[in-house]
Amino acid sequence: MSQCLHLLFSLGQERYALPTAEVAMVLPLSPCKSLPGAPAWVAGLLPHGLGHVPVIDLSMLVLGRPAPARVSTRLVLVHYHHSQAVAVLLGLILEQATQTLRIDPDDFVPAAVRNEGAPYLGPVMPHQGGLLQRVEVGDLLDPATRALLYPEVPA
């Protein structure tokens, strides 16, 4: 039984898991430079090193409302892979992203319903009387948003 560490976070009342193998850095919530014309769930650009990282607000994407600015709301930089493209950093604004949990990947099972409009919502597992759902980082961006945020990365 091989367990992998996951970062837990919330979207509304529901709990989600993000494999920490995909996490580059967890930061406090920071202001981003807005991107006029981008989808509402694109929070903007975060200065990072000599460049910048595009940031999306997962609460805005999933629930249609921005994540509340609380101490437990984090800006998580993840390694975004899509197809054969080289990994790039993507920032995620996540609510209540303060706990980790070791989970055997085999404990996750495919969700009974596949939401084609939210391909990033992956398999589920029982957890504390409810379901914990894994988020698939590589499926977060649709082709148009990926082209907007990473114009230099081949599709």
Side-chain angles (χ1 to χ4, degrees), residues 4-70 72-97 103 105 108-125 127 130-155:
C4 299
L5 194 62
H6 288 72
L7 175 65
L8 303 183
F9 65 95
S10 296
L11 291 169
Q13 300 301 312
E14 303 295 326
R15 294 296 278 168
Y16 293 84
L18 184 66
T20 59
E22 298 179 3
V23 174
M25 196 177 303
V26 178
L27 304 168
L29 189 58
S30 304
C32 298
K33 182 194 179 313
S34 65
L35 289 173
W41 46 270
V42 174
L45 298 174
L46 175 74
H48 182 71
L50 298 176
H52 60 274
V53 176
V55 175
I56 64 173
D57 183 334
L58 217 51
S59 292
M60 191 68 168
L61 174 64
V62 175
L63 304 175
R65 62 153 178 82
R70 296 189 176 124
S72 62
T73 302
R74 301 282 193 262
L75 203 160
V76 179
L77 302 186
V78 295
H79 302 285
Y80 174 73
H81 299 269
H82 181 75
S83 301
Q84 300 301 82
V86 64
V88 290
L89 288 177
L90 174 65
L92 305 177
I93 296 174
L94 303 178
E95 294 180 48
Q96 298 177 347
I103 303 170
F108 284 104
V109 296
V113 176
R114 179 74 178 153
N115 183 350
E116 294 302 323
Y120 47 84
L121 295 178
V124 298
M125 65 170 273
H127 179 69
L131 289 177
L132 182 65
Q133 189 164 28
R134 191 172 67 212
V135 170
E136 307 295 348
V137 171
D139 294 327
L140 279 169
L141 304 178
D142 60 67
T145 306
R146 188 171 48 254
L148 173 72
L149 299 181
Y150 301 104
E152 70 285 354
V153 175

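In this chain, numbering begins with 1 at the start of the sequence shown.
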J.: Taking atom NE2 of His6 and atom NE2 of His127, what is their separation to the nearest 0.5 Å?
T.: 11.5 Å

J.: Going by heavy atoms in the side chains, are Ser59 and Leu11 under 4.5 Å from each other?
T.: yes

J.: Sort and list the pairs that fulfil salt bridge (charged side-chain N to carboxylate O under 4.0 Å, His left out) and have at least one residue in residues 51-66, not counting sequence neighbours.
T.: Arg65-Glu95

J.: Could you grab the distance from atom CD1 of Ile103 to atom CG of Leu8, nearest 0.5 Å is fine?
T.: 6.0 Å

J.: How long is the straight-line distance from CG of Leu18 back to CG of Leu92, given to the nearest 0.5 Å?
T.: 6.5 Å

J.: Quick one: pull up CG in Leu58 and CG in Leu140 and give me the separation to the nearest 0.5 Å.
T.: 6.0 Å

J.: Show me the pairs that pass salt bridge (charged side-chain N to carboxylate O under 4.0 Å, His left out) and involve residues 130-141, at least two apart or across chains.
T.: Arg134-Glu136

J.: Please work out which of the three classes, parallel, tilted or perpendicular, describes the rings of Tyr150 and Tyr80, given edges at 30° and 60°.
T.: parallel

J.: Does any non-hydrogen side-chain atom of Pro54 lie less than 4.5 Å from one of Leu45?
T.: yes

J.: How long is the gap from CG on Leu77 to CG on Leu90, to the nearest 0.5 Å?
T.: 8.5 Å

J.: I need the full list of side chain to side chain donor-acceptor pair (under 3.5 Å) pairs touching residues 18-43, with sequence neighbours left out, sorted by first then second residue.
T.: none

J.: If only atom types and distance count, is the side chain of Gln133 paired as donor or acceptor with the main-chain N or O of Gly122 below 3.5 Å?
T.: yes

J.: Quick one: pull up CG in Leu61 and CG in Leu141 and give me the separation to the nearest 0.5 Å.
T.: 8.5 Å

